[in-house]
Asks: 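What follows is a structure written as structure tokens; I'll ask about it next.
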Amino acid sequence: MSIPRPPSKDFIREIIDEDLSSGKHDGTVTRFPPEPNGYLHLGHAKSICLNFGIAQEYEGRCHLRFDDTNPAKEDTEYVESIKEDIKWLGFDWGDHLYFASDYFEKLYEWAVHLIENGNAYVDDQNAEEMRAGRGDLQNPGTESPFRNRSVEENLDLFSRMREGEFKDGEKVLRARIDMVHPNLNMRDPVIYRIVHTPHHRTGDAWCIYPMYDFTHGQSDALEYVTHSLCTLEFENHRPLYEWFLDHLPVPSRPRQIEFARLNLNYTVMSKRKLLQLVEENYVSGWNDPRMPTISGIRRRGYPAEAIRNFCKTIGITKFKGTNDITLLESSVREILNRDASRFMAVLKPLKVVITNYPEDQVEEFEAVINPENPELGTRKVPFSRELYIEQDDFMEDAPKKFFRLTVGKEVRLRCAYWIRCEEVIKDAEGNITELRCTYDPETRGGENPSDGRKVKATIHWVSAAHALNTEVRLYDRLFSEEAPDAGESNFLDCLNPDSLEVITDAKLEPNLARVPKGETVQFERLGYFCVDSESSGDLPVFNRTVGLRDSWAKAKGKG
RNA sequence: AACUCCAUGGUGUAACGGUAGCACAACAGAUUUUGGUUCUGUUUGUCAAGGUUCGAAUCCUUGUGGAGUUGCCA
């Protein structure tokens, strides 16, 4: 017998454990710092689960801080959607809502502090001159002709920048670090630029704005954040992050730790590409159910719990791998299998007439709401002489492995009766329009008959007279290539032409009229479907969340 | 021969010098009034070469491969 090992932790949680046990910190404070310039996506969900998850586990706190230092790109609309998405994911920042723009005055003061100590200067060079002076990956930079201005002159110029005396781009404030540093970020980075654009919160109070690098670490320090978790592309910024903390009278010493961002196959995650999909109308909007945005997957019917589980499963490392979308779908099915109520719906109807069933008779059968949770009880489903079954559940020339209905064969109608197909009716073009079947009264409720007869399949059905006719949207992955943004080709060339199929005459079990917007249910044998949050009119519109695993389709595909 | 970081089955992730495990995927079988679920089993892995060690996925060296960085974006 060995002692069970404690559940393994990712490298970030190990660092936190060490910091706690060494006494470096006596609590844990993290933050989720989105820029309000777009909608949140699954990549953000990974970061949210990490930061808020750590706060919960360590009984610390996680701040929601909007990194709003670029008025040209940001808007209050995004602030609101971001809050909504985080709440939907199941996390709460409590009283800890902050904006980097709340720190503009303090940041200005600290910029002056740098100038006073000879650690920052106003540069009159334009962007192009600065680029030339920065050098490149192989070559060192050269110092700006304005680098050695006096403290007094810098102070005067910087305050006049604030007063609005200069136009955009005319001057910048730069940290005075090292123009030959091997890390380009350290070659006198710009820390303030002039932007005469109203800010969504501070209006026109400012016309100079701090850069990300001059804002983030200081904001962390002001909020007493202990561990500032960000993605790998900020690795090269860490020396700068620390340089500012070293040269400024900050109240605390946060630590930046980087982890790999989320990559998923068959989708794109970059804000730019998602924006392009929206703007060029490849999708219906940010919350199109095919989008990897939080609002998109919510509308698609993915449960928040499934997203959280998924994020737990993929873990936190520094390895930039690509996660398989099937892992996400598996998390979604796991939750939905447990929670979703079952109903019957026929997507592609084929009429069946039970010739030996009385014409005006209607029976009601009891059907289990969820076999995974019998306490939920049963529902009543009407049955009559004319029904719809799924076109895929009938084949005229059926292969041996086809278990469903074919002429002369018998199947079970779920919870109803066994039926045998006697005759196929076709139109002039030879299309199958109707099936004539007979039922066995002894199999009432779907029970096995006393003669020991066996049936290989149970199929779903809807009574024609009682059916609700409605729209169902079948969503599939947006891209047909595993890595749409890889290589030279345009990601738009990889769009899956069949990512949306709209069915307008699906036949639903009448109980489905009562499902509220946003709820995801199972259409038996087909998949999980969610009532579209934007559906209007008398009948709900259903979105396919994800199909059921389908081993028949797989076997059939192999030929 | 710029700097920094990364490398474990098909994919992702554990193993903290001592039996390479888990999930997803795939494949087979059992159960099943959903070809779903559940259960059982199978296949597949430490980038390479040296070194340290009784013992290396783990430590060291070198190499190979990949990623990020040359915004007045974040």
Side-chain angles (χ1 to χ4, degrees), chain A residues 5 7-10 14 33-35 37 67-70 72-74 123 125-127 130-131 134-141 168-174 181-187 189-195 208-209 211-213 215-216 230-239 258 260 263 265 271 313-331 333-334 337-338 342 344 367-368 371-372 401-404 412-416 418 443 445-448 455-460 522-527 547-556:
Chain A
R5 189 172 288 171
S8 62
K9 291 188 174 182
D10 56 68
E14 282 182 355
E35 183 188 15
N37 69 343
D67 230 330
D68 55 348
T69 58
N70 185 357
K73 290 188 170 181
E74 297 152 7
D123 198 336
Q125 293 184 111
N126 63 33
M130 278 185 50
R131 192 179 316 125
R134 187 160 35 234
D136 59 28
L137 299 177
Q138 277 78 28
N139 301 296
D168 288 11
E170 220 172 300
K171 288 187 171 21
V172 292
L173 184 70
R174 290 229 254 172
H181 196 108
N183 182 338
L184 264 35
N185 290 127
M186 300 296 274
R187 317 241 264 229
V190 171
I191 59 178
Y192 265 92
R193 77 285 214 194
I194 299 169
V195 184
I208 58 171
Y209 290 89
M211 299 287 288
Y212 164 84
D213 285 309
T215 307
H216 206 93
C230 62
T231 46
L232 250 23
E233 61 272 25
F234 291 101
E235 231 161 10
N236 297 328
H237 292 245
R238 187 166 7 105
E258 311 86 13
N263 289 307
N265 57 11
K271 240 175 221 179
T313 309
I314 61 175
I316 298 291
T317 65
K318 300 185 78 155
F319 175 67
K320 308 176 189 201
T322 300
N323 289 97
D324 203 318
I325 190 84
T326 61
L327 194 52
L328 208 211
E329 291 175 343
S330 161
S331 299
R333 289 196 187 100
E334 184 187 3
N337 177 54
R338 185 194 69 195
R342 317 283 136 124
M344 292 196 285
V368 173
E372 306 296 315
K401 288 294 214 34
F402 186 80
F403 300 155
R404 285 107 100 148
R412 170 170 26 231
L413 294 179
R414 174 126 237 237
C415 307
W418 290 25
T443 58
E447 297 293 336
N448 293 348
V455 89
K456 290 199 106 166
T458 299
I459 66 173
H460 60 277
Q522 185 188 108
F523 290 176
E524 289 201 72
R525 301 209 305 132
L526 296 175
L548 254 26
R549 286 182 62 219
D550 188 347
S551 49
W552 163 243
K554 230 182 284 176
K556 197 175 52 174

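Chain letters run A, B, ... following the sequence lines, proteins first and then strands; every chain starts at 1.
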Asks: Is A:T313 near enough to B:G12 that one of its side-chain N or O atoms lies under 4.0 angstrom from OP1 or OP2?
Replies: no

Asks: Does A:K401 reach a base, just sugar-phosphate, or nothing at all? Heavy atoms under 4.0 Å.
Replies: base

Asks: Give me the distance, rounded to whole Å, that separates B:G55 from B:G50 when you measure between the P atoms they each carry.
Replies: 15 Å

Asks: Quick one: list whatever passes side chain to side chain donor-acceptor pair (under 3.5 Å) with A:R193, sequence neighbours left out.
Replies: none

Asks: Would you tell me if any nitrogen or oxygen in the side chain of A:T317 comes within less than 4.0 Å of OP1 or OP2 on B:U13?
Replies: yes

Asks: Checking A:D123 now: which residues fulfil salt bridge (charged side-chain N to carboxylate O under 4.0 Å, His left out) with it, not counting sequence neighbours?
Replies: A:R174

Asks: Report the glycosidic orientation of B:G71: syn if within 90° of 0, anti in every other case.
Replies: syn

Asks: For A:T458, check side-chain contact (heavy atoms from CB on, under 4.5 Å) against everything at least two apart and list the hits.
Replies: A:R412, A:R414

Asks: Say we look at B:U58 and B:A20: how far apart would their P atoms be, to the nearest angstrom?
Replies: 14 Å

Asks: Please name all residues satisfying side-chain contact (heavy atoms from CB on, under 4.5 Å) with A:I208, sequence neighbours left out, ordered by chain then number.
Replies: A:Y108, A:F158, A:M161, A:R162, A:Y192, A:I194, A:W206

Asks: Please enumerate all residues that pass side-chain contact (heavy atoms from CB on, under 4.5 Å) together with A:E447, with sequence neighbours excluded.
Replies: none

Asks: 5'-most contact on RNA chain B: A:T443 or A:L327, nearest heavy atom basis?
Replies: A:L327

Asks: Checking A:H181 now: which residues fulfil side chain to side chain donor-acceptor pair (under 3.5 Å) with it, not counting sequence neighbours?
Replies: none

Asks: Return the value, rounded to whole Å, for the distance between atom CZ of A:R525 and atom P of B:U34.
Replies: 10 Å

Asks: Between A:R238 and A:E258, is the closest basic N to carboxylate O distance under 4.0 Å?
Replies: yes

Asks: Looking only at atom P, what distance separates B:A14 and B:A7, rounded to whole Å?
Replies: 10 Å

Asks: If the P atom of B:U38 is compared with that of B:A25, how far apart are they to the nearest Å?
Replies: 10 Å

Asks: According to a 3.5 Å limit on both distances, what stems of 3 or more consecutive Watson-Crick or G-U pairs are formed with RNA chain B?
Replies: B:2-7 with B:64-69, B:10-13 with B:21-24, B:26-30 with B:38-42, B:47-51 with B:59-63

Asks: Looking at residues at least two apart in the chain, or sitting in another chain, which of them share a side chain to side chain donor-acceptor pair (under 3.5 Å) with A:K318?
Replies: A:E235

Asks: Using atom P of each nucleotide, how far apart are B:G17 and B:G36 to the nearest Å?
Replies: 45 Å

Asks: Take atom C1' in B:G45 and the same atom in B:U8, then report the distance between them in whole Å.
Replies: 6 Å

Asks: How long is the line joining CD of A:E329 and C1' of B:A26, in whole Å?
Replies: 16 Å

Asks: Whole angstroms only, please: what is the CD1-P distance between A:I314 and B:C24?
Replies: 15 Å

Asks: Could you tell me the separation between the CG atom of A:D10 and the P atom of B:G12, rounded to a whole number of Å?
Replies: 17 Å

Asks: Donor-acceptor check, side chain of A:D136 to backbone of A:N139, threshold 3.5 angstrom: yes or no?
Replies: yes

Asks: Could you check how far CZ of A:F403 sits from C1' of B:G36, rounded to whole Å?
Replies: 14 Å

Asks: Is there a stack between A:F319 and B:A7, judged by ring centres under 5.5 Å and planes under 30°?
Replies: no

Asks: For nucleotides B:G18 and B:C60, find the distance between their P atoms and express it as a whole number of Å.
Replies: 15 Å

Asks: Would you say A:W418's side chain and A:L413's backbone share a donor-acceptor pair under 3.5 angstrom?
Replies: no

Asks: Could you check whether A:P140 gets within reach of a base, just the sugar-phosphate, or nothing at all, counting any heavy atom under 4.0 Å?
Replies: nothing

Asks: Using only heavy-atom distances, determine whether the side chains of A:K320 and A:N263 contain a donor-acceptor pair under 3.5 Å.
Replies: no

Asks: Does A:R134 use its side chain to pair, donor to acceptor, with the backbone of A:G141 at less than 3.5 Å?
Replies: no

Asks: Given atom CZ of A:R342 and atom P of B:U32, what is their separation to the nearest angstrom?
Replies: 18 Å

Asks: Compare side-chain N and O positions of A:R549 against OP1 and OP2 of B:U37 and report whether any pair is under 4.0 Å apart.
Replies: yes

Asks: So what does A:R404 hit on the nucleic acid, given a heavy-atom distance under 4.0 Å: a base, only sugar-phosphate, or nothing?
Replies: base

Asks: From CD of A:E334 over to P of B:G36, roughly how many Å is that when rounded to an integer?
Replies: 17 Å

Asks: Looking across every strand, which nucleic acid part, if any, lies under 4.0 Å from A:F402 by heavy atom: base, sugar-phosphate, or nothing?
Replies: base

Asks: NZ of A:K318 versus P of B:A14: gap in Å, rounded?
Replies: 13 Å

Asks: Any base atoms under 4.0 Å from A:G446, or only sugar-phosphate, or nothing? Heavy atoms, all strands.
Replies: base

Asks: Tell me what A:E447 touches on the nucleic acid: a base, only sugar-phosphate, or nothing, going by heavy atoms under 4.0 Å.
Replies: base

Asks: Applying side chain to side chain donor-acceptor pair (under 3.5 Å), can you list everything that pairs with A:T317, at least two apart in sequence or on another chain?
Replies: none

Asks: Heavy atoms under 4.0 Å is the rule here; annotate nucleotides 39-48 of chain B 5' to 3' with B where the base is hit, S where only the sugar-phosphate is, and - elsewhere.
Replies: ----------

Asks: Only counting residues at least two apart or in another chain, list the ones meeting ring-ring contact (aromatic ring centres under 6.0 Å, His included) with A:Y212.
Replies: A:H216, A:F234

Asks: Specify the residue among A:G321 and A:E372 whose closest nucleotide of RNA chain B lies further upstream toward the 5′ end.
Replies: A:G321

Asks: P atom, B:C59 versus B:C3: distance in rounded Å?
Replies: 22 Å

Asks: For nucleotides 67-74 of chain B, just jot down a letter per nucleotide in 5' to 3' order: B, S or -, based on protein non-hydrogen atoms under 4.0 Å.
Replies: SBBBSBBB

Asks: Which nucleotide in the list B:A25, B:G35, B:U8 gets nearest to the side chain of A:D550?
Replies: B:G35

